[in-house]
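A short worksheet on the structure shown next.
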Amino acid sequence: MNYHWNWGIFLEQVKGGDETYLNWLFTGLGWTLAVAISAWLIALSIGIGIGTLRTAPNKGLAWFAATWVELFRNVPLLVQMFLWFFVVPELLPREWSLWVKQDLPAKEFITATLCLGLFTSARVAEQVRAGIQSLSRGQTMAGLAVGFTLTQTYRYVILPMAFRIIIPPLTSEFMNIFKNSSVAFAIGVMELTFQARQMQEDSEQGIETYLAVTVLYFICAFIANRGMAFLEQRTRVPGFIASAK
Amino acid sequence: MIEINNISKWYGQFQVLADCSTRIAKGEVVVVCGPSGSGKSTLIKCVNGLESFEQGDVIVDGTSVGSPTTILSKLRSRVGMVFQHFELFPHMSITENLTIGQIKVLGRSKDEALQRGLKLLDRVGLRSQAEKFPGQLSGGQQQRVAIARALAMDPICMLFDEPTSALDPEMINEVLDVMVELANEGMTMMVVTHEMGFARKVAHRVIFMDHGRIVEDATKDDFFGTPRSERAQLFLSKILSH
């Protein structure tokens, strides 16, 4: 291989600037974390609501929730990014449309976060639903029999157990959101992948660049994984085996 | 106390309850038995509205269960229920299982709820298990906690849906003992069970169901002595023969 290795490249100044390539990557990492974590908060709060509604006795609400899931799950994430960025603003009333296009601060970041959050909310919702449905119907009955309303039954009886059960698949989802945030580069968010491309073009040291980025993504996902494992251990129910209903 | 008036229920085309009627007076202990699929569990769940029904009505202490204006959660908080599979809340300690209903539904203070819960735990002989979790107890112990959980709400009557069917044989008696004691204290009880020994000991009346119908509704002595329907005779001969 006729490649000129240069691991020192990260500490070199970027062309025509006064910062190092490492600075670029860390700035990118910052945006990656910001997009991923904000999107995760959106995904969790909406996903819990939609997933719960999918199990609701009210047919209308259950239908609404099912539609939500299908809508965000059946279209590729990249296409959704473009839809939110290019199409949705055009569909808004004229003044809103202008405001979004001209005045919305950090427009790319907000669009990407919203898009990734909603996309992931559908996936979280499916896991929440699966968790709820894995509990026996007797648990709901027991909650109701004590005198809880249906809402209280969900809050005190069903959801606390459902969450514990779905921590492993939610862990994958939490890791995915860091990796999926890379799609945000397509609409110009200066996150890690965006910065990597920029560094590759600027420095012509593509291999070092992408290896470094790989390590950074890996570390993010790994920390997410460890965090969730800690949560799983902390919320473990004594004497409860996940497979026993 | 409990009036069941001509209730019928269908799952699609299939009729699970057909024109069932009976009354349970205050302090009465009524055992409901019958082959599986006869509708006994469905009937008992109609009493506190856990199952809906299409025709007829159930009146509990003057409140109509089928009426759309009835707040079912209120009614249920006054009717204790014990399930076949215990259904304790697995993520809560035994103490929390006993107090959460008192606190969230009845509005009792934590201290008051705890005192009441521990007293009942004492009564079912499980005071030493207060800080454990349901998964750490045996089936019989869990069912005794479930009875205590229902009693903690100071119910006006108790419903038991096959409380010993999921238990190992050696644990059945510890649960039945608690139930016998409760019956002797004058609690109004409706008990779906195959434990004919329990029925003989404490029941006032026995209801026999088959194919969604109440086939026989007789005093204990009449039921065991001279069951009128052929179906009940056959059922009794099968479960009493060994």
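Below, chain A is the first sequence line, B the second, and so on; all start at residue 1. Keep in mind it's a predicted model, so treat the numbers as computed, not measured.
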Check whether A:Arg236 gets within reach of chain B through its side chain, its backbone, both or neither, counting any heavy atom under 4.5 Å. neither

Pick one of side chain, backbone, both or neither for A:Arg155, based on which atoms fall under 4.5 Å of a heavy atom in chain B. neither

B:Arg149 side chain reached by A:Val146 side chain, heavy atoms, under 4.5 Å: yes

Relative to chain B, which of A:Thr149, A:Val157, A:Thr140, A:Thr235 shows the most heavy atom pairs under 4.5 Å? A:Val157

Identify which part of A:Gln152 has an atom lying under 4.5 Å from any heavy atom of chain B, answering side chain, backbone, both or neither. side chain

B:His91 side-chain N/O to A:Tyr156 backbone N/O, donor-acceptor pair under 3.5 Å: yes

Go through the atoms of B:Leu159 and report whether side chain, backbone, both or neither lie under 4.5 Å from a heavy atom of chain A. neither

Side-chain heavy atoms of A:Gln139 within contact of B:Pro90, under 4.5 Å: yes

Should the heavy atoms of other residues, nucleotides or ligands under 6.0 Å from CG of A:Leu91 be counted, would the total exceed 12? yes

If you count every heavy atom of other residues, nucleotides or ligands that lies below 6.0 Å from A:Trp31 atom CH2, does the total exceed 12? no

Where is the tightest heavy-atom contact between B:Phe83 and A:Ala142, given as atom of each residue plus distance? CE1-CA, 3.6 Å

Okay, B:Arg78 and chain A: the region with an atom under 4.5 Å from a heavy atom over there is neither

Could you go through A:Met161 and B:Phe89, starting from their C-alpha distance and side-chain angles, then the distance that decides it, and tell me whether this counts as side chain to side chain contact (heavy atoms under 4.5 Å, CB included)? CA-CA 9 Å; A:Met161 273 320 284; B:Phe89 308 135; over 6 Å; no

Greater than 12 external heavy atoms within 6.0 Å of A:Trp63's CH2: no

Neighbour count above 12 (heavy atom, 6.0 Å) for B:Arg108 CZ: yes

Chain A contact via B:Glu96 - side chain, backbone, both or neither, heavy atoms under 4.5 Å: neither

Taking every non-hydrogen atom, the tightest pair across A:Ala145 and B:Met81: CB-CB, 4.0 Å

In this structure, are over 12 heavy atoms from other groups packed under 6.0 Å from A:Arg73 atom CZ? yes

Within the structure provided, determine whether B:Lys45 and A:Met141 are in side-chain contact (heavy-atom separation under 4.5 Å). yes

